[in-house]
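One structure below.
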Protein chains: 2
Amino acid sequence: MTETQETKGGSPSRRALIGWGGAGLALGAAAAGGAMAMAEVGNDVDPAAADMGGAVEFHGAHQAGIATPVQDRLHFAAFDVKTDDRAEFVQMLKDWTEAARRMTAGRPVGEGAYGGLAEAPPDDTGEALGLKPSRLTLTIGFGPSLFDKFGLHGRRPAALADLPAFPGDNLDRARTGGDLCVQACADDPQVAVHAIRNLARIGFGKVAVRWSQLGFGKTSSTTPGAQTPRNLFGFKDGTRNIAGTESDRLKKHVWVGDGDGGDGDAWMTGGSYLVARRIRMNIETWDRTPLQEQEDIFGRDKGEGAPVGKAKEHDKPFLKAMKPDAHVRLAHPDSNGGITILRRGYSFTDGTDGLGRLDAGLFFLAYQRDVREGFIPLQRRLSAHDALNEYIQHVGSAVFAVPPGVRDSGDWWGRALFSKEA
Amino acid sequence: MTETQETKGGSPSRRALIGWGGAGLALGAAAAGGAMAMAEVGNDVDPAAADMGGAVEFHGAHQAGIATPVQDRLHFAAFDVKTDDRAEFVQMLKDWTEAARRMTAGRPVGEGAYGGLAEAPPDDTGEALGLKPSRLTLTIGFGPSLFDKFGLHGRRPAALADLPAFPGDNLDRARTGGDLCVQACADDPQVAVHAIRNLARIGFGKVAVRWSQLGFGKTSSTTPGAQTPRNLFGFKDGTRNIAGTESDRLKKHVWVGDGDGGDGDAWMTGGSYLVARRIRMNIETWDRTPLQEQEDIFGRDKGEGAPVGKAKEHDKPFLKAMKPDAHVRLAHPDSNGGITILRRGYSFTDGTDGLGRLDAGLFFLAYQRDVREGFIPLQRRLSAHDALNEYIQHVGSAVFAVPPGVRDSGDWWGRALFSKEA
């Protein structure tokens, strides 16, 4: 198994299952192969844009959806546990795993699909029938509150630290926390929504959706050399993000290692820790800010995305040329003793806020090896000093332990956690 | 000018403007041409899926975004007027028209873009820089309440009828009505969101967003012979929808004709009337309904979408084989004295409802020649009898007069309404 999850061009598509196969699928596979080859030599073609059809391998040492090149769309859901029956919860995790295995391969949930019993509800809700796998990945995480349940008290990793209250936080309880999460990413939003909906359906009575978030514009590039997508402030941010092919940086900053944590944490080896923050952007205020001020705040020019005084986006920034409170200067690893996280955020627009303003912003998702050495010190610094704080507000927050990948067809999400007690 | 708006493959792209032109753009144009050619001979390739890059012509006898093949994503916004200064409002309509002309061609708002003054806010918010035109269309509509303002009392067309209260309506005032609307459709959601945001920014102080809606999965096909996309119940609905190339049905059922309406309505010739309804789907209940019952309710099979007793989606339905309250039977023109509307709806998922259920459904958009002869009689029948009513609820509603197209570079949205008094 390689460090990153590979795209499988030849996997079955939902379309093929209902008899629509042929040219469209072959085209998708060819496009996928071509795009991946270009990405490997540092071309700025974005595989996510070029490959709308392929399937991403579900099994591996790590869960897909972390080092996988960022897909175009997100549906993220946090769940609360509603059962106190451990066996029932474990069975749900097994059922979820099997459904995830099928959906990520472009297959409907359940063997029956529409050949099943007419007097029973369909195994699959159907709205993704005929759609391609769309590089769907499903990534599960366990929140701190899960470890208060099912006799898991001794198994909570120390690296799954509660986040402190940061200056400027204005967290909505209804968009914060959760016992479990599932991150669904795909190039087609209907495929991502279908996946979360079917997991919620399978979990009915055992778990309930606590909050969810759709994201439509990826804001980070996880492809080396690619142009970084723009956030809703119109800027490129996260240019130095870790790409999926950088196994050294992934190993150092993202994947939990063998010797990490305490005695009871071995179940997390190969996993990671996820911080999710819903960051509202005051875009109406931003849009009335002069261009020079916008560029000073970020420490980049707006058109090209180059650091202050440089010509190109990927030119190495000269941090001292930026204002002391510039976002890039404060967030850069060189200003933070090397702190590096893997960002995988999405823009969101959730209608209006009742005051005539768009409820829009960044749904920030970051993976790291240890929350205490990643997001927490970085956000302490940014929340205290970042010039951008005048235009943003953190309104939702959660942290999850993301277990290692499902190894094979007999494995399931959370097996290492639930099978062996500390 | 042809009856439908044409896709222009060779128009400038946002990408080209910042120096990224070349192979990607040429590929997009070739794909667009190929897909359009196939659509014309009835192939089931969907131009919206194949052509992610092209620009749709803004000028024409009719506004684009009605007969235009449905794009993948929607951002719809209703605005309230905040000024009582007619000249100021007219200037805003002119400014909006110029911005719409530029954005639909893939160009940023304003000539300055990022060569402008550093001490001024940028003319364009920037998040669509580097993105393709993505078949963006912007379509304006005027709500009944606009005609109470600016001395327009005598100009309200009779065909812009207020909708009655239908059985089962549960309308949220915050998602209902509006003096103006803009429908932004594009194959890239960031392009659609960028367009609405920039219009809202230009309108600051003159209008404010009353409500808005994002849609992600188109639910209607306006391409002849294409497979109809599935709604969130997993069914194909709207198989007999009017396609953009059917000029006879468009003329009869969608476009306002010369002799329509009263003396003061001539300004609407070439326009249409839009009904928007936010329809919440109780998908958790639906998902627990047996397959046979789901199929009886729609009057179609779920896998293929064929009418009861038929083999293929596009086979002519035998309505009497369906249950009397089946959705297809009730909505079919043969049951309604020929009532035909052009549907252009999108699925939505707006997070959760606070009760652990997805806030998901159908944002229904329908264009017609006269609301009194289109949506109103159709919905009277459906709201009273449709078996689907157990699973849906109309929670938002609005109606708009959609004026004819902007003819040329000197024309602007609403000119005929504002230039000549009745």
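Since this is a predicted model, take the numbers as computed values, not measurements. We name chains A, B, ... by the order of the sequence lines, and we start the count at 1 in each one.
To the nearest 0.5 Å, atoms CD1 (Ile196(A)) and CG (Leu358(B)) are separated by 9.0 Å. With rounding to the nearest 0.5 Å, the separation of CG in Leu129(A) from CZ in Phe235(B) is 10.5 Å. Rounding to the nearest 0.5 Å gives a distance of 11.5 Å between CZ of Phe348(A) and CG of Leu214(B). Put simply, CG on Asp287(B) and CG on Asp123(A) are 11.5 Å apart, with the number rounded to the nearest 0.5 Å.
The parts of Leu232(A) that come within reach of chain B are both its backbone and its side chain, each placing non-hydrogen atoms under 4.5 angstrom from that chain. The contact between Arg197(A) and chain B is made by backbone and side chain atoms together, counting heavy-atom distances below 4.5 Å. In this structure, no portion of Ala174(B) lies under 4.5 Å from any heavy atom of chain A. Proximity to chain A is absent for every atom of Glu284(B), based on heavy atoms less than 4.5 angstrom apart. The contact between Arg210(A) and chain B is made entirely by backbone atoms, counting heavy-atom distances below 4.5 Å. Proximity to chain A is absent for every atom of Asp350(B), based on heavy atoms less than 4.5 angstrom apart. Only the backbone of Asn231(A) comes within less than 4.5 Å of a heavy atom in chain B; its side chain stays farther off. Contact annotation for Thr349(A): both backbone and side-chain heavy atoms come within less than 4.5 Å of a heavy atom of chain B. Using a 4.5 Å cut-off between heavy atoms, Phe204(B) touches chain A through its side chain atoms alone.
Contact between Ala118(B) and Pro290(A) at its shortest, heavy atoms only, is O-CB, 3.7 Å. Of all non-hydrogen atoms in Gly351(A) and Ser212(B), the two that sit nearest each other are CA-OG, 3.1 Å. Shortest non-hydrogen contact noted between Arg288(B) and Pro121(A) is O-CG, 3.4 Å.
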Criterion side chain to side chain contact (heavy atoms under 4.5 Å, CB included) on Leu291(B) and Glu119(A), from CA distance to verdict: CA-CA 6 Å; Leu291(B) 176 60; Glu119(A) 57 270 30; over 6 Å; no
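Remark: the backbone N or O of Arg230(B) is paired with a side-chain donor or acceptor of Gln190(A) at under 3.5 angstrom.
For the pair Arg73(B)/Phe216(A), no side-chain contact is recorded, criterion being any heavy-atom separation below 4.5 Å from C-beta on. In this structure, the side chains of Glu127(A) and Pro229(B) stay at 4.5 Å or more apart for every pair of heavy atoms. Looking at Ile283(B) and Thr125(A), their side chains never come closer than 4.5 Å, going by heavy atoms from C-beta outward.
Ranked by heavy-atom pairs under 4.5 Å with chain A, the first of Ala120(B), Ala77(B), Ala360(B) is Ala120(B).
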